[in-house]
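Below is one structure, written out as structure tokens; the observations come after it.
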Amino acid sequence: ADADFYILCETTRDYINLIGAVKEVFHERVKVFQAWQYSQTMLAKKRDYKAKLELTARQEKVAQAQQEVEEWEGKVERNQEHFERISAAIKKELEQFDAVRVQDFKTMFIRYLESMVTSQQQVIRVWESFLPEAKAIS
């Protein structure tokens with residue numbers, strides 16, 4: 001019973017650590033999403049600035065503004081791809097966790113409960129064998 005309890009505690013500790021790691025991964029995903037959103041905001045600002053330059057006929061700065069727009073378009077695309085990759089990886093890992101780890105935990109927990117029931121049955125048998133002696137004493 002002690003060995004089963006030890007295994008249960010170790011497995012539970014592993015799952016708690018795994019949940020902490022998942023929390024960190026989601027935090028990283030949030031940072032990637034924020035970077036993507038920031039790059040989209042900056043792209044919109046650069047496009048607006050370029051449009052203002054084109055309207056005011058300041059052609060000498062339009063080329064530079066166009067270059068900045070293209071640079072931010074690339075950043076938006078890279079950040080979006082990074083976000084999609086990290087999201088897909090998280091989804092894949094969580095699906096694998098659901099399929100494998102949850103079943104392992106159920107099996108281990110059932111084994112632990114069966115061990116506890118067996119131990120309790122042994123205790124009951126000992127007490128039942130002791131009962132006639134206890135009645136004889138009183």
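Worth knowing before you read on, the calculation uses all heavy atoms, side chains too, and leaves out hydrogens, waters and symmetry mates.
- Hydrophobic cluster membership is shared by Ile86 and Val22, with clusters built from Ile, Leu, Val, Met, Phe, Trp and Tyr side chains linked at under 4.5 angstrom.
- Looking at Glu28 and Lys31, a side-chain N of the basic residue comes within less than 4.0 Å of a carboxylate O on the acidic one, giving a salt bridge.
- Ion pairing between Glu73 and Arg47 holds under the 4.0 Å rule for side-chain N and carboxylate O.
- By the rule that hydrophobic residues join a cluster once side-chain heavy atoms approach within less than 4.5 Å of another member, Leu53 and Met42 end up as members of separate clusters.
- In this structure the side chain of Leu18 reaches within 4.5 angstrom of the side chain of Phe97, judged on heavy atoms.
- Residue Glu10 places its CD atom among more than 12 non-hydrogen atoms of other residues, nucleotides or ligands, all under 6.0 Å distant.
- The distance from the OG1 atom of Thr11 to the OH atom of Tyr6 is 10.0 Å, given to the nearest 0.5 Å.
- Atoms CZ and CG, from Arg13 and Asn17 in turn, are 6.0 Å apart once rounded to the nearest 0.5 Å.
- Side-chain atoms of Ile16 and Thr12, non-hydrogen and from C-beta on, do get closer than 4.5 Å to each other.
- The environment of CD in Glu71 is crowded: more than 12 heavy-atom neighbours from other residues, nucleotides or ligands sit within 6.0 Å.
- Cluster annotation: Tyr38 and Leu43 are assigned to the same hydrophobic cluster (Ile/Leu/Val/Met/Phe/Trp/Tyr, side-chain heavy-atom contacts under 4.5 Å, transitive).
- Interatomic distance, Thr118 OG1 to Leu113 CG, rounded to the nearest 0.5 Å: 10.5 Å.
- Distance check, rounded to the nearest 0.5 Å: CD of Glu68 to NZ of Lys61 gives 10.5 Å.
- A donor-acceptor pair shorter than 3.5 Å can be found between the side chains of Gln66 and Glu70.
- Considering only residues two or more places apart in sequence or on other chains, Phe105 meets the ring-ring contact (aromatic ring centres under 6.0 Å, His included) condition with Tyr15.
- Residues satisfying the salt bridge (Lys or Arg N to Asp or Glu O under 4.0 Å) test with Lys45, not counting sequence neighbours, are none.
- Put simply, the side chain of Ser39 gets close to the backbone of Ala35: a donor and an acceptor are under 3.5 Å apart.
- Cluster annotation: Val62 and Tyr49 are assigned to the same hydrophobic cluster (Ile/Leu/Val/Met/Phe/Trp/Tyr, side-chain heavy-atom contacts under 4.5 Å, transitive).
- Between the CH2 atom of Trp72 and the CG atom of Asn79 there is a distance of 8.5 Å, given to the nearest 0.5 Å.
- Taken to the nearest 0.5 Å, the CG atom of Leu55 stands 10.0 Å off from the NZ atom of Lys52.
- Among residue pairs with one or both ends in residues 84-97, those qualifying as side chain to side chain donor-acceptor pair (under 3.5 Å) are Arg29-Ser87, Gln80-Glu84; sequence neighbours excluded.
- Inter-residue side-chain proximity for Lys50 and Glu54 is flagged as met; some heavy-atom pair is nearer than 4.5 Å.
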* Verdict with reasoning, His82 to Trp36, per side-chain contact (heavy atoms from CB on, under 4.5 Å) -> CA-CA 9 Å; His82 189 202; Trp36 178 30; over 6 Å; no
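- Within a 6.0 Å radius of CD in Glu81, other residues, nucleotides and ligands contribute more than 12 heavy atoms.
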